[in-house]
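In what follows, a structure is listed as structure tokens, so that the remarks can point back to it.
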There are 2 protein chains.
Amino acid sequence: MSSRKSHKTSPALTPAVFHILLALVEEDRHGLGIADAIEHASDGSMRLGPGTLYRSLKEMTHEGLVVEVAPRGEDPRRKFYRITAPGRKRLEAEALRYDRLVRVARGRNVLPERAP
Amino acid sequence: MSSRKSHKTSPALTPAVFHILLALVEEDRHGLGIADAIEHASDGSMRLGPGTLYRSLKEMTHEGLVVEVAPRGEDPRRKFYRITAPGRKRLEAEALRYDRLVRVARGRNVLPERAP
DNA sequence: TTGACACATATCCATAATGGATATATCTAT
DNA sequence: ATAGATATATCCATTATGGATATGTGTCAA
């Protein structure tokens with residue numbers, strides 16, 4: 001189905017970037033809020049150290065995957081981030097890759113069949 | 001916050017190790033055959049360099065995730081590997097993590113709903 | 001048979017990605 | 001005012017990966 005080379009396939013995201021985007025697609029969040037959301041969404045199996053967290057946010061901002069938005073009153077220390085349209089596209093592409101792998105795994109009986 | 005479950009959750013696999021196990025769950029393969037299978041299963045988005053490939057196979061053998069099996073006649077240069085029961089368990093755990101993430105993504109409308 | 005080239009494993013080195021300690025500042029509660 | 005939690009940020013060490021290189025063997029055609 002997918003063409004050989006017709007459309008530009010975006011390079012794979014690092015796990016850290018993927019999780020950050022997935023956390024931001026729900027709502028704008030600040031650094032530590034992102035870390036907490038990731039830990040929750042992954043049921044505790046994924047945790048970002050502060051190094052990876054803030055470094056990634058800085059790079060993602062430069063790459064235009066996220067933008068910093070005005071703080072929400074409360075705590076002025078917090079810097080909130082919002083996913084951009086390009087960020088959403090990259091996230092979708094990566095989620096599709098994951099989905100394909102899960103289907104392969106299921107097709108090889110690594111996982112049980114999906115509930116009806 | 002403490003973990004909900006008391007049973008230890010196996011540490012996450014690196015993408016390279018996950019893909020190698022996924023390639024071997026279908027059938028025994030040799031090094032380059034694994035690399036080809038990975039490229040195919042990921043629709044070209046995942047490719048392992050020789051460094052990562054042979055290094056991973058060596059480590060995975062030491063960790064008991066795979067075992068080397070007798071070559072299949074043909075080409076004596078090839079070293080075939082087979083996934084072990086522990087390897088399968090680790091693969092299943094990782095595939096479940098991926099599946100959970102895909103469901104989260106779908107729940108946040110990153111991916112379209114599954115076909116009925 | 002003998003080159004020429006592809007296949008296959010293996011190792012080395014450079015780069016990329018991550019984790020954790022540390023630093024600095026601010027908020028909250030007592 | 002003090003203590004402790006929250007929050008961002010940076011530094012350093014470790015891990016993971018990619019690509020070049022090395023070495024040996026198989027295959028094929030002249």
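From a predicted model like this one, the values you see are computed outputs, not experimental measurements. Proteins get letters first, then strands, A, B, ... in listed order; numbering begins at 1 in each. The analysis underlying the following values was restricted to heavy atoms, covering all of them including side chains, and did not include hydrogens, waters or symmetry mates.
- Among residue pairs with one or both ends in residues 19-32 of chain A, those qualifying as side-chain hydrogen bond (donor to acceptor under 3.5 Å, both in side chains) are A:E26-A:R29, A:E26-B:R108, A:E27-A:R29, A:D28-A:R82, A:H30-A:R78; sequence neighbours excluded.
- The CG atom of A:L13 sits 17 Å away from the P atom of C:dA16 (whole-angstrom rounding).
- In this view, B:R77 and B:D75 satisfy the side-chain hydrogen bond (donor to acceptor under 3.5 Å, both in side chains) rule, not counting sequence neighbours.
- Rounded to whole Å, atom C1' of C:dG19 lies 14 Å from atom CD of A:E39.
- The side-chain hydrogen bond (donor to acceptor under 3.5 Å, both in side chains) pairs that include a residue from residues 85-96 of chain B are B:E94-B:R97, where partners are two or more places apart or lie in different chains.
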field: Sugar-phosphate or base contact per nucleotide [nucleotides 7-17 of chain D; S, B, -; heavy atom under 4.0 Å]
entry: SBBBB----SB
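- Listed by chain and residue number, A:F18, B:Y98 satisfy the ring-ring contact (aromatic ring centres under 6.0 Å, His included) test with A:Y98 (two or more places apart in sequence, or in another chain).
- Nucleotide C:dA8 holds its P atom 12 Å from the CD1 atom of B:I34, rounded to whole Å.
- With sequence neighbours left out, the side chain to side chain contact (heavy atoms under 4.5 Å, CB included) criterion links A:R103 to A:D99, B:R106, B:R114.
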